[in-house]
Structures are given as structure tokens and as C-alpha cells.
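Remarks on the structure that follows.
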Amino acid sequence: SLDETLGGDTLLATVPAPSTLGVDETYDASTTVTLPPPGDLDPGDYFILVQTDGQAVQAESDEDNNVAASPQVNLSLPPLPDLLVEDVLATEPGSSAPLISAVPGQTVEVSWNTRNATAAEATGGWRDTIYLSADGQVGDDMPVGTFDFAGPIGGNASVARTEQVTIPLGSFVGDLRFVVVTDSNDAVAEEVETNNAGVAIDTFNVIALLTLQLPAGEVVEGQSLRATIARNGSLASPLEVTLASGDETEIEPFDPVVIPEGRSSTTFSVNARNDGDVDGDQPVDLTASAAGFSDAVARVTVLDADTPQ
């Protein structure tokens with residue numbers, strides 16, 4: 001407790017009391033308690049309060065004298081680690097050259113160094129989270145991967161990390177950077193808790209792109225698939241998408257579809273015609289286009305359901 005009055009304090013332990021206590025009798029008790037970890041308790045001056053009959057089980061003539069305070073105790077923090085992220089770099093898998101451009105759905109590698117800037121060892125394991133940033137600043141970023149790290153990192157030591165992430169289908173557009181935040185789950189008590197993020201120096205470009213996804217690469221004549229059309233970039237306005245079948249004798253023509261405001265994708269039906277012809281399996285390219293976006297193309301094979309007579 002910060003003062004000698006019970007209320008708003010941190011509970012350290014509950015200890016059983018004797019079942020009976022005679023007139024003018026006393027009992028002695030002691031217990032060992034563990035103080036809250038660094039980060040949950042600030043350094044400073046505190047009192048240890050002991051309250052008897054804390055659950056108000058025993059009726060008493062005076063209910064207001066059940067709390068006593070220890071002399072003031074000064075608490076200080078032990079030496080703590082301080083985790084920093086440095087040298088964030090994005091590359092294509094297997095390459096050491098900085099990433100120049102990427103498209104939604106592409107897998108890239110992100111590497112960085114996690115450095116412990118104090119002499120105290122960082123232990124216990126924690127999580128690192130990788131974000132996609134449109135402005136190179138920490139905050140309002142898009143998470144693309146979280147990875148466990150078992151630790152430890154010794155005092156004044158560093159560890160090199162590399163992980164693979166996928167550019168989201170609904171990613172930002174333009175010149176982007178990766179941001180890496182170490183101890184993103186606040187598992188490690190640190191000397192400084194506000195310097196866990198590192199931002200890549202190099203940018204890479206992501207264009208405005210439609211992505212067309214099919215749940216399967218084949219569909220039988222007379223049957224349908226439920227496909228997904230996705231966009232990246234701003235979601236502030238709805239987007240009308242024009243869909244085209246490369247062979248309308250095999251895949252029915254489409255009406256335009258609209259990706260609603262606030263959403264990065266929507267679904268639509270791909271309907272295979274039952275043409276009655278024994279013409280074998282037919283590959284058909286589907287194309288999606290919208291103003292300001294690069295087209296998306298996906299291929300589906302229509303499986304012939306007709307048999308020779």
C-alpha cells in the first residue's frame with residue numbers, strides 16, 4: 001500500500017487464522033510473500049498492511065480496527081534488460097539484396113537484430129511482431145506475423161532473427177516499410193518499455209492490385225465455384241470490379257461485382273455451362289479489372305461431363 005489505509009492496494013497473500021480465539025488471547029502468524037514483478041509495481045515507499053477477518057466472518061464489537069501497517073519500506077527495481085530492434089531488412093527468400101517491390105500474396109523474408117542494451121540478461125521467452133507500415137512511423141500499422149522467441153539474450157548481447165511473412169491481399173499501397181516490435185506481448189520487464197520497435201530504412205513498392213482466388217482449379221460442367229476478388233489499398237470507397245470469362249461457352253458471363261466500402265474483398269459465383277457437347281476438358285481464363293488497379297487473372301478448367309453417344 002502507498003499509505004497506511006486499506007483500499008486500492010495489491011493483495012500479496014491470504015493466510016488461514018485459528019478457528020477460535022479466547023477472551024484476551026492472541027496468536028502469532030507469519031508468511032512469505034512474493035512481490036509483484038517489475039513493471040507491475042513502481043519503485044518507491046510502501047507499507048505492508050495486515051487485515052484480520054478480511055472476509056468479515058466474525059461479528060465484532062468494533063469492525064474498524066482490523067488493519068495494521070508496517071513501518072515504511074523502500075522498494076527498488078532489480079537490474080533489468082532493455083530490448084531494442086535494429087537493422088530491419090526485407091528481402092526475397094534466399095536473397096541478401098533489399099526488396100524493391102512486392103505484390104499481395106507474395107512471401108518475403110524480414111531480418112533484424114534484437115539487442116539487449118543493459119547488463120541484465122533477458123529471459124523467459126517473448127514474442128516479436130512484424131508490421132507493414134505506410135508512413136515509416138510506429139503506429140497504425142498492419143500486423144503480418146507474430147513469432148515466438150525462447151530467449152535468453154545475455155547482457156549487452158544481440159541475436160539475429162529472420163522470419164518469412166506474406167504481403168496481405170488487403171495490404172497498403174505505395175512505398176512501404178516493415179516495422180518489427182520485440183516483446184510485443186510485454187512478457188519481459190525492461191528498464192525502458194517504449195523503445196521495442198525498429199523500422200526498416202529501405203522501402204519497397206506495392207502497386208494497387210486485384211487478386212482473384214478460386215477454391216479449386218477445376219469445375220465440372222453444370223456446377224459452380226465460389227470465388228473471391230480482393231483489393232489492396234484504401235477501403236474508404238466501394239470498388240466496382242468488371243469480371244470477364246475467356247470462353248462464355250464454358251463459363252457464363254458475369255455481372256459486375258462491388259467490393260463494399262470498408263472491406264477488402266467479396267465473393268461471386270463462377271458457373272460452368274452444361275453445353276451438351278463432347279469437347280473434352282477446357283481451360284478458361286477469368287479476368288478481373290477495376291479503375292486504378294492492375295488486372296487479376298485466374299485459370300479454371302471446365303471438366304467435360306458429356307459422354308459420346
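No hydrogens, no waters, no symmetry mates; every other heavy atom, side chains included, goes into these values. It should be emphasised that the depicted structure is a prediction, and the values quoted were computed from it without experimental measurement. Positions are given from 1 along the sequence.
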Fill in: Thr91 to Ala97 - nearest heavy-atom pair and separation
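In this case the closest contact between Thr91 and Ala97 is CG2-O, 3.2 Å.
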
Worksheet entry | Connected via hydrophobic side-chain network under 4.5 Å: Leu286 and Leu169 |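 Each belongs to a different hydrophobic cluster.
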
Examine the side chains of [X] and [Y] and answer whether a donor and an acceptor come within less than 3.5 Å of each other.
X	Y	answer
Thr129	Thr146	yes
Asp175	Asn205	yes
Asn271	Ser224	yes
Asn156	Asn116	no
Asp141	Ser133	yes
Ser1	Asp9	yes
Asn195	Glu190	no

Worksheet item: Any donor-acceptor pair under 3.5 Å linking the side chain of Glu250 with the backbone of Asp247?
Response: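 No.
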
Worksheet item: Hey, mind stepping through Arg161 and Asn113 against side-chain contact (heavy atoms from CB on, under 4.5 Å) and telling me if it holds?
Response: CA-CA 6 Å; Arg161 304 285 316 279; Asn113 289 324; over 6 Å; no

Practice prompt. State which residues pass ring pair (Phe, Tyr, Trp, His ring centres under 6.0 Å) with Tyr46; sequence neighbours excluded, sorted by chain then number.
Written response: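 Counting only residues at least two positions away or on another chain, Tyr46 forms no ring pair (Phe, Tyr, Trp, His ring centres under 6.0 Å).
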
Worksheet item: With ring centroids as reference points, do Phe268 and Phe254 lie under 6.0 angstrom apart?
Response: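 Ring centres of Phe254 and Phe268 closer than 6.0 Å.
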
